[in-house]
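Below: one structure, written as structure tokens.
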Amino acid sequence: QSTSPVAVGDQVFFEIDEKESDLMGIITEVLERKNYIVRKSVNLSKQIHIIASNIDQVFLIITLNNPTTLSGFIDRLLVTAEAYQIPAYLLFNKIDSYNKQELKELRELKSIYDNIGYQTFEISAKEGWNIDKIKVLMRNKVIMFSGHSGVGKSTLINSIAPGMNLKTGAISNQHHQGTHTTTFAEMFNLSEGIKIIDTPGIKGFGVVDMSEDEIGNYYPEFKRLKVSCKFNNCLHYKEPQCAILKAVKDGAIAKSRYNNYLQMLAKENNYRI
Ligand code: GDP
Ligand code: ZN
């Protein structure tokens, strides 16, 4: 049950109301959504609130520190994107601001996702580094920006489309929190058919219900190996002759990825861990 008749990103039919002096349209039909992100209603009813729909790609913006992006957040977002079959790109922002040690740490994190096969980019929204590369990917697409407050989402939109002049920094974040107690999304129509959905206050997708045996299917590096698990319903938890557990031990699968998988499994299945 959804509380939202129309959401940002919806494709609709509408009729022009000729009687109005200003051009007014009345929505007569919302076309079927190919996907949508949800947020559960705050009240106790099981209703969901559709925040945005028809997303072609998600760009996850990551910073090492200032603010810190935890790998658990990255992996949950990626699992959800896989579940929705939305391609995800990882943008490591503020590359201009890191010292040598931080850069090393950042590249270690990035290599985990490179190895799985995700497309990752080192960018500086502020300095305009590598923006041309990601802009090409964004052409004629509806894109959701995801990432913690302060990672540089507004700065990136400004860098892609300098005419936008979005407010950036701590003040605008406070503004969002202060005035908009309910969640909302807005879509920016940029040049070259780039449409960016920004969801202030929302870090990523809403809650998705998944069964425990589903989660592993949304880990591409698990999916490739799991045919070699002894049991075909293996949850890669403590089962004997599990190919995933072996790969974690051998270092072929990143420990952080596996640990975050266990976290997600535990959430789905409270009695287990
Ligand atoms: P948002 O909350 O994700 O929209 O983040 P903002 O775009 O408002 O950026 C938060 C702060 O980070 C601002 O002070 C920006 O100037 C700064 N920032 C954003 N991108 C970069 C970058 O590439 N490098 C550096 N050094 N600072 C950045
Ligand atoms: Zn297994």
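One-based numbering, in listed order, for ligands and for the atoms of each. All values reported here derive from a predicted model rather than from experimental measurement.
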Please tabulate, one pair per line, all N/O donor-acceptor pairs under 3.5 Å involving side-chain atoms of residues 66-73, not counting sequence neighbours.
residue, atom, partner, partner atom, Å
Thr69, OG1, Thr63, N, 3.2
Thr69, OG1, Thr63, O, 2.9
Ser71, OG, Asn260, ND2, 3.0

For Asp132, does the CG atom sit with more than 12 other heavy atoms under 6.0 Å from it, leaving out its own atoms? yes

Closest to atom 25 (C) of ligand 1 by heavy-atom distance, out of His148, Lys153, Lys126, Glu127, is Lys126

State the atoms of ligand 1, each with its element, that fall below the 4.0 Å cut-off from a heavy-atom position in Asp96. 22 (C), 23 (O), 24 (N), 25 (C), 26 (N)

Per-atom contacts, ligand 1 versus Asn93 - under 4.0 Å to a heavy atom: 20 (N), 21 (C), 23 (O)

Is Ser97 touching ligand 1 with its side chain, its backbone, both, or neither, if touching means heavy atoms under 4.0 Å apart? side chain

Between Thr155 and ligand 1, find which residue part has any heavy-atom pair under 4.0 Å and reply side chain, backbone, both or neither. both

Using distance alone, determine whether Ile95 and ligand 1 share an N or O pair under 3.5 Å. no

Run the side-chain donor-acceptor check on residues 245-255: report pairs under 3.5 Å with partners two or more places apart or on a different chain.
residue, atom, partner, partner atom, Å
Lys246, NZ, Asp250, OD2, 3.0

I'd like to check which ligand 1 atoms, numbered from 1 as shown, lie under 4.0 Å from a non-hydrogen atom of Val151. 3 (O), 5 (O)

Any heavy-atom pair between the side chains of Lys94 and Lys126 that's under 4.5 Å? no

Would you check if Tyr237 and Cys242 make a side-chain contact, meaning some heavy-atom pair closer than 4.5 Å? no

Parallel, tilted or perpendicular: rings of Phe121 and Tyr89 (30°, 60°): tilted

Neighbouring protein N, O or S atoms of the Zn ion (ligand 2) [cut-off: under 2.8 Å, no waters]: Cys229 SG, Cys234 SG, His236 ND1, Cys242 SG

Any nitrogen or oxygen of Ile123, side chain or backbone, less than 3.5 Å from one on ligand 1? no

Purely on distance, is any nitrogen or oxygen of Leu156 under 3.5 Å from one on ligand 1? no

Holding to ring pair (Phe, Tyr, Trp, His ring centres under 6.0 Å), I want the full list of residues that pass it with Tyr218, two or more places apart in sequence or in another chain. none

If you round to the nearest 0.5 Å, how far is CG of Asp198 from CD1 of Ile143? 12.0 Å

Scan side-chain atoms only and decide if Asn54 and Gln11 contain a donor-acceptor pair under the 3.5 Å cut-off. no

What do you reckon, is NZ of Lys110 surrounded by more than 12 foreign heavy atoms closer than 6.0 Å? yes

